[in-house]
Amino acid sequence: MSTLCEKTRNGALKRNLLRQMLEANVFKFGEFQLKSGQISPIYIDLRECFGHPNLLMLISEALSKLVTISGAEYTGVLGVPYAALPYASVAAGQFLKKPLLIVRKEAKSYGTKKLIEGLYEPGDRLILIEDVVTTGGSILDVVKVLTAEGLVASDVFCILDREQGGKQKLLDAGVTLHSLLDMNSVLTFLYSTGAVSDEQWHGIVKALNLNYTAPVKVDIDKEIEDLSRLPFVENQRTPLSERESLTENALNKKILSVMRKKKSNLCLAIDYTTSEEVLQLAEIAGPFVMAIKVHADAITDFSEEFTRKLTTLANDMDFIIFEDRKFGDTGNTNLLQLKGAQKIASWADVVTVHAVQGTDSIAGVFRQLINDPNYRLSGVLLIAQLSTKGSLTALDGYTESTVSIAEENRDVISGFIAQTRVSGFSDLLNWTPGVNLDAKTDSAGQQWRGVDEAIDVQQNDIIIVGRGVTSSSEPVQQLKRYRRIAWEALAKDDESVN
Ligand SMILES: O=c1ccn([C@@H]2O[C@H](COP(=O)(O)O)[C@@H](O)[C@H]2O)c(=O)[nH]1
């Protein structure tokens, strides 16, 4: 499958880039003489992107992601002159937060007469940013200058690899080329959108001596895709049985076992306001759900009797009790609230916690109670992404920082409240609210989407459904419907549960 079709951030990022490039007139058709002397029927002019701030940002961000994913170690970012300099500047300053260096094509005849400008020490390791790579010659020239100054450069990140031998030539010289796009993806995109005909495709491939056999048409929409709706991690979900045996988190072992036994990845959010209503629906829902979520502070007659009955139901019907308090204070206050009037730590299996308060207010405090056998509380779900429109959890870096806290404290943090799969650690579970099969919004900030999008596209594990069930006159039918659709979507790629 072409990477252009991937239902991942990476795939969507490439599609968005190409869509915007096409609109920005980057692809020109006619007869062009290339630097090598070759006559080409296509000219890819990435300098056109400078005139479109969004595109400049998108490319720089995508290059920065490529750098991060590669795991390359470096102290500075060097732009290969001249066309790559804007991307290198934005990537270094805005996204990678590393010093920018530039190399001159010829030394100045006055002043410092330096060839390399910027902050560096001999022995420093740099990454190179380039726009288009054809033969790799310009990069090797730059590497020569850097090596003479005692600098190390073994990774180059480019926007487009024209696949005309550059990658291998660089590799032979000890330099790894990482590219956002290659010529094959570009031609597939242009052919699929109709910008290039069958005849043109063959003409380009022949003129550039490319080793491609036949054009491939893929399904490409015109619309720019919203990257925030796609998983943060590219790898596929691990089968549930494997996750159950791999995880050391006791709560997740239990959750995964309940899910497999009941064939359910449905958590019901019962946002009713009286104990009787909550308990009545919990009893009806018990056989179909793996968890029941409540907001204890919304229950007007909340009492110890209520929690006693709820825990009895949970024990008898094998579901997890989830109190959605969203703790977000100092560690000390969190502790007081967990043990306070509603004694949450005594009856809830899992609670939600905001990451905004920082690791020290979360991990230690919750660990204390989770490890104390006097309390039922066994885990924490960190809020990585809220489902509400305009949520500040979408601010740059918020979700990533939340994920880091969770990944470092997997004994207490059992997973996330999120919209898309956010971590590659298979023992962390992704619970997702904002699911409704019959409505899109409640006009009070909530945003709903369907089960397939939540489980299949966005790779969540568990759906949290509230009004899709609680507002229905036929809750049992709805419970069966959500449970079936969500389980089928999860089990589709998981032989261990079929
Ligand atoms: O981002 C979030 C976090 C929590 N919720 C909670 O989930 C349920 C959803 O109920 P619906 O009726 O399906 O909207 C509700 O209890 C919220 O407090 C969320 O929706 N989004």
Side-chain angles (χ1 to χ4, degrees), residues 228-229 231-232 264-274 277-278 281-282 285 288-300 302 310 319-328 342 344 348-357 379-395 398-399 402-403 406 413-422 429-455 458 460-475 478-479 481-483 485-486:
S228 69
R229 305 292 293 174
F232 267 54
S264 175
N265 53 338
L266 171 62
C267 165
L268 177 64
I270 310 186
D271 292 339
Y272 288 158
T273 54
T274 67
E277 285 173 310
V278 175
L281 185 56
F288 309 107
V289 299
M290 42 69 65
I292 285 186
K293 183 176 90 63
V294 294
H295 284 286
D297 51 5
I299 301 172
T300 51
F302 181 89
L310 185 63
F319 62 78
I320 305 296
I321 304 178
F322 172 177
E323 158 58 20
D324 194 3
R325 177 56 55 92
K326 301 186 178 70
F327 291 90
Q342 292 179 328
I344 292 170
D349 292 297
V350 66
V351 292
T352 38
V353 174
H354 280 297
V356 69
Q357 62 207 299
V380 162
L381 295 174
L382 270 195
I383 298 169
Q385 295 167 325
L386 286 167
S387 60
T388 46
K389 186 158 191 274
S391 163
L392 302 189
T393 57
L395 288 179
Y398 187 88
T399 302
T402 306
V403 171
I413 295 170
S414 81
F416 304 98
I417 294 297
Q419 289 296 288
T420 69
R421 186 149 168 260
V422 290
L429 292 168
N430 240 77
W431 300 58
T432 193
V435 176
N436 193 312
L437 290 166
D438 306 305
K440 289 275 169 232
T441 171
D442 64 356
S443 310
Q446 180 65 297
Q447 303 179 113
W448 285 306
R449 80 282 202 216
V451 175
D452 275 346
E453 189 178 350
I455 299 290
Q458 299 175 333
N460 290 288
D461 300 310
I462 297 162
I463 54 163
I464 300 174
V465 178
R467 283 162 286 180
V469 171
T470 59
S471 298
S472 164
S473 53
E474 292 175 318
Q478 292 303 330
L479 282 162
R481 179 179 177 222
Y482 279 95
R483 181 233 204 165
I485 298 176

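Each ligand, and each atom within it, is numbered from 1 in the order the structure gives.
Under the 4.5 Å side-chain criterion, counting only non-hydrogen atoms from C-beta, T274 is not in contact with I299. Counting heavy atoms from C-beta outward, T441 and Q447 have side chains that stay 4.5 Å or more apart.
In terms of protein heavy atoms, atom 9 (C) of ligand 1 is closest to Q446 NE2, 3.8 Å. Of the protein's non-hydrogen atoms, D271 OD2, 3.2 Å is the one closest to atom 15 (C) of ligand 1. Looking at atom 6 (C) of ligand 1, its nearest protein heavy atom turns out to be K293 NZ, 3.4 Å.
At a cut-off of 3.5 Å, with distance as the only test, a side-chain donor of Q458 or E453 sits close to an acceptor on the other residue. For the residue pair T432 and R449, a side-chain donor N or O sits within less than 3.5 Å of a side-chain acceptor on the partner.
With a heavy-atom cut-off of 4.0 Å, D324 touches ligand 1 through its side chain alone. Contact annotation for P433 and ligand 1: only side-chain heavy atoms (C-beta onward) come within less than 4.0 Å of the ligand. The residue Q419 has no part lying near ligand 1, judged by heavy-atom distances below 4.0 Å.
Panel note: side chain Q446, backbone S443; no donor-acceptor pair is recorded below 3.5 Å.
Ligand 1 has an N or O atom lying under 3.5 Å from an N or O atom of H295, backbone or side chain.
Applying the 4.0 Å criterion to heavy atoms of L386 picks out, from ligand 1, the atoms 1 (O), 2 (C), 3 (C).
Remark: K326 does not engage D297 in a salt bridge, criterion side-chain N to carboxylate O under 4.0 Å.
Ligand 1 is never approached by N436 to a heavy-atom distance shorter than 4.0 Å.
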